[in-house]
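One structure is given below, encoded as structure tokens.
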Amino acid sequence: MMVTRYDCDVVVVGAGPGGSMAAKYAADGGAKTILIEKKAEIGAPLRCAEGVSKKWLAELGIEADPAWARADMAGAIIRSPNGTVFQLDESKAGAEVGYVLERHIFDKRLAEEAALSGAKILMRTGCTGVLKDKDGKLIGIKARSMGEEIEIYAKCIIAADGFESQVGRWAGIDTSLKMDDIDTCIQYRMTNVEFESNFCEFVIGSAAPGGYIWVFPKSKTTANVGIGVMASKCSHGADPKYYLDKFISTDPRFKNGQILEVVGGMVSTIPGLDDTVADNIMLVGDAARIIDPITGGGIAHACRSGKYAGEVVVECLKTGDFSKKALGAYEKKWRDRMEDKLYRNWMAKERFATLDDQTLDELIQLIKDSDIGEVNVYNLLKIVKEKYPKVVEGFEDLI
């Protein structure tokens, strides 16, 4: 059987935010870049709550566009198990406030930027394995493109193939997860519902064991209403749906609501893999488990890590060295920028998952009554540390 061959400097697997950013920055630096996407449409089907902070968009030079910045949030609401509401506006929420996106448009826009920089995009092209030479060195990938078998030979592979990433595993990188470090999620896009249209809402406690419920506005009458439940706490079969339906049925704001869309999936909640590089390969975004463990937010982390990977490919191209040691520059970049915060939030996630509803009610009341400037995970943990030191035991040096 005839197999079509492609040759390039770098092949990027997955055209989500991480993959498109990696392809853009690699191509910007002169690397011959191929970006593949297994789906028929970039950004769809949706698997995301679609919330992003404004601060990181500015950091990466991404200007907000009304085409994809669907709702501009004025703040956030945290609702405790007994209904205590802690509401914070933009003056206090800082980096935690942002936009609710139209992800399918946002993702396409990033892919367009990669294409404009010179990357070649192959749609309906799923990676089926890696290519190695007789010495076991990675030299590219195998894929099925529009029903045709192809091989893409490259000096470096960037795996941006999301939570289910197989490319890293095929390359010998351990991407396994414990049940405590997986959240199972389901989300409804609901219309004809009532909510604070300028605030993202988070509901914590036993309503969402080990996770939380979110209500992210899309318009004045439509919102993403979803839930993440720690996999190790699942006990009702299709747990996320069970808990989400229970929450909706008991909240009068949703009594007339209608579901327009249902999405589901898994989210990792660890502070990154121990190794995100090997000879001739880098993992970015969800594939590298670079995701906020306490919120499950991953768009910013994917974009940052993709940018760093693209930049490092360009530097390695100058020397022709794509060894694990050379690609370690990528590892250093993302860890220097994000690892401490991710580790701190992972430790906080582990502790908060053990707290009962009464303690969570007390914590929210404590935070509500505290004189706090900018509200972020770091400042919230500082307050918790004073009253409930056991919650932060073991990672006090990060607070």
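Not measured: the values here are computed from a predicted model.
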ring-ring contact (aromatic ring centres under 6.0 Å, His included) partners for W56, two or more places apart:
none

N/O donor-acceptor pair under 3.5 Å between R70 side chain and S219 backbone
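No; judged by distance alone, with no hydrogens or angles, the pair does not exist.
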
Side chain to side chain, [X] and [Y], heavy atoms closer than 4.5 Å:
X    : Y    : answer
F86  : S80  : no
D72  : K54  : yes
D251 : V203 : no
V52  : F106 : no
I186 : Y188 : yes
K120 : L122 : yes
F352 : I294 : yes
I291 : D286 : yes

Donor-acceptor list for residues 57-69 side chains, cut-off 3.5 Å, not counting sequence neighbours:
{"unit_1": "E59", "atom_1": "OE1", "unit_2": "R304", "atom_2": "NE", "d": "3.3"}
{"unit_1": "E59", "atom_1": "OE1", "unit_2": "R304", "atom_2": "NH2", "d": "3.3"}
{"unit_1": "E59", "atom_1": "OE1", "unit_2": "R337", "atom_2": "NH2", "d": "2.7"}
{"unit_1": "E59", "atom_1": "OE2", "unit_2": "R304", "atom_2": "NE", "d": "3.0"}
{"unit_1": "E59", "atom_1": "OE2", "unit_2": "R337", "atom_2": "NE", "d": "3.3"}
{"unit_1": "D65", "atom_1": "OD1", "unit_2": "A67", "atom_2": "N", "d": "2.8"}
{"unit_1": "D65", "atom_1": "OD2", "unit_2": "R109", "atom_2": "NH1", "d": "2.6"}

Which of E102, E37, E41 passes salt bridge (Lys or Arg N to Asp or Glu O under 4.0 Å) with K108? Answer is E41

Which residue in the set E201, E196, E194 passes salt bridge (Lys or Arg N to Asp or Glu O under 4.0 Å) when paired with R253?
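Considering E201, E196, E194, a salt bridge (Lys or Arg N to Asp or Glu O under 4.0 Å) with R253 is found only for E201.
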
Kindly list each side-chain donor-acceptor pair under 3.5 angstrom involving residues 6-32, sequence neighbours excluded, with atom names and distances?
{"unit_1": "D7", "atom_1": "OD1", "unit_2": "R5", "atom_2": "NE", "d": "3.2"}
{"unit_1": "D7", "atom_1": "OD1", "unit_2": "R5", "atom_2": "NH2", "d": "2.9"}
{"unit_1": "D7", "atom_1": "OD2", "unit_2": "R5", "atom_2": "NE", "d": "3.0"}
{"unit_1": "D9", "atom_1": "OD1", "unit_2": "K155", "atom_2": "NZ", "d": "2.7"}
{"unit_1": "D9", "atom_1": "OD2", "unit_2": "K32", "atom_2": "N", "d": "2.7"}
{"unit_1": "S20", "atom_1": "OG", "unit_2": "G16", "atom_2": "O", "d": "3.4"}
{"unit_1": "K24", "atom_1": "NZ", "unit_2": "D28", "atom_2": "OD2", "d": "3.1"}
{"unit_1": "D28", "atom_1": "OD1", "unit_2": "S117", "atom_2": "OG", "d": "2.7"}
{"unit_1": "K32", "atom_1": "NZ", "unit_2": "D7", "atom_2": "O", "d": "3.1"}

If I compare all heavy atoms of [X] with all of [Y], which pair ends up nearest, and what's the gap?
X    : Y    : answer
R289 : T175 : NH2-O, 2.8 Å
A171 : L138 : CB-CD1, 3.8 Å
M123 : M146 : O-CE, 3.9 Å
A76  : F202 : CB-CE1, 4.2 Å

Hits for side chain to side chain contact (heavy atoms under 4.5 Å, CB included) against K246, two or more places apart or cross-chain, chain-then-number order -> Y242

Would one find more than 12 heavy atoms of other residues, nucleotides or ligands at under 6.0 Å from atom CD of Q358?
no

Does R124, at its CZ atom, have more than 12 non-hydrogen atoms belonging to other residues, nucleotides or ligands within less than 6.0 Å?
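Result for CZ/R124: open.
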
Do N345 and D292 have a side chain donor and acceptor closer than 3.5 Å?
yes

Can you tell me if Y212 and D183 form a side-chain donor-acceptor pair at under 3.5 Å?
no

Please walk me through it: do L327 and V312 pass side-chain contact (heavy atoms from CB on, under 4.5 Å)?
CA-CA 7 Å; L327 295 178; V312 168; 4.2 Å; yes

side-chain contact (heavy atoms from CB on, under 4.5 Å) assessment of I299 paired with L101:
CA-CA 11 Å; I299 302 174; L101 305 180; 4.0 Å; yes

Give every donor-acceptor pair under 3.5 Å between a side-chain atom in residues 158-166 and any protein atom, sequence neighbours left out.
{"unit_1": "D161", "atom_1": "OD1", "unit_2": "S165", "atom_2": "OG", "d": "2.7"}
{"unit_1": "D161", "atom_1": "OD2", "unit_2": "S165", "atom_2": "OG", "d": "3.3"}
{"unit_1": "D161", "atom_1": "OD2", "unit_2": "Q166", "atom_2": "N", "d": "3.0"}
{"unit_1": "D161", "atom_1": "OD2", "unit_2": "V167", "atom_2": "N", "d": "3.2"}
{"unit_1": "E164", "atom_1": "OE2", "unit_2": "R47", "atom_2": "NH1", "d": "3.1"}
{"unit_1": "E164", "atom_1": "OE2", "unit_2": "R47", "atom_2": "NH2", "d": "2.8"}
{"unit_1": "Q166", "atom_1": "OE1", "unit_2": "R169", "atom_2": "NH2", "d": "3.3"}

Under the ring pair (Phe, Tyr, Trp, His ring centres under 6.0 Å) rule, what do Y99 and F216 come out as? Steps first, then yes or no, please.
CA-CA 9 Å; Y99 300 103; F216 286 6; over 10 Å; no

Which atom pairs, one a donor and one an acceptor, fall under 3.5 Å between side chains of residues 263-277 and the rest of the protein, sequence neighbours left out?
{"unit_1": "T269", "atom_1": "OG1", "unit_2": "D181", "atom_2": "O", "d": "3.4"}
{"unit_1": "T269", "atom_1": "OG1", "unit_2": "K349", "atom_2": "NZ", "d": "3.4"}
{"unit_1": "T276", "atom_1": "OG1", "unit_2": "E331", "atom_2": "OE2", "d": "2.8"}
{"unit_1": "T276", "atom_1": "OG1", "unit_2": "W334", "atom_2": "NE1", "d": "3.1"}

Can you tell whether the side chains of K137 and D133 come within less than 4.0 Å, N to carboxylate O?
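A salt bridge is absent here (no side-chain N lies under 4.0 Å from a carboxylate O).
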
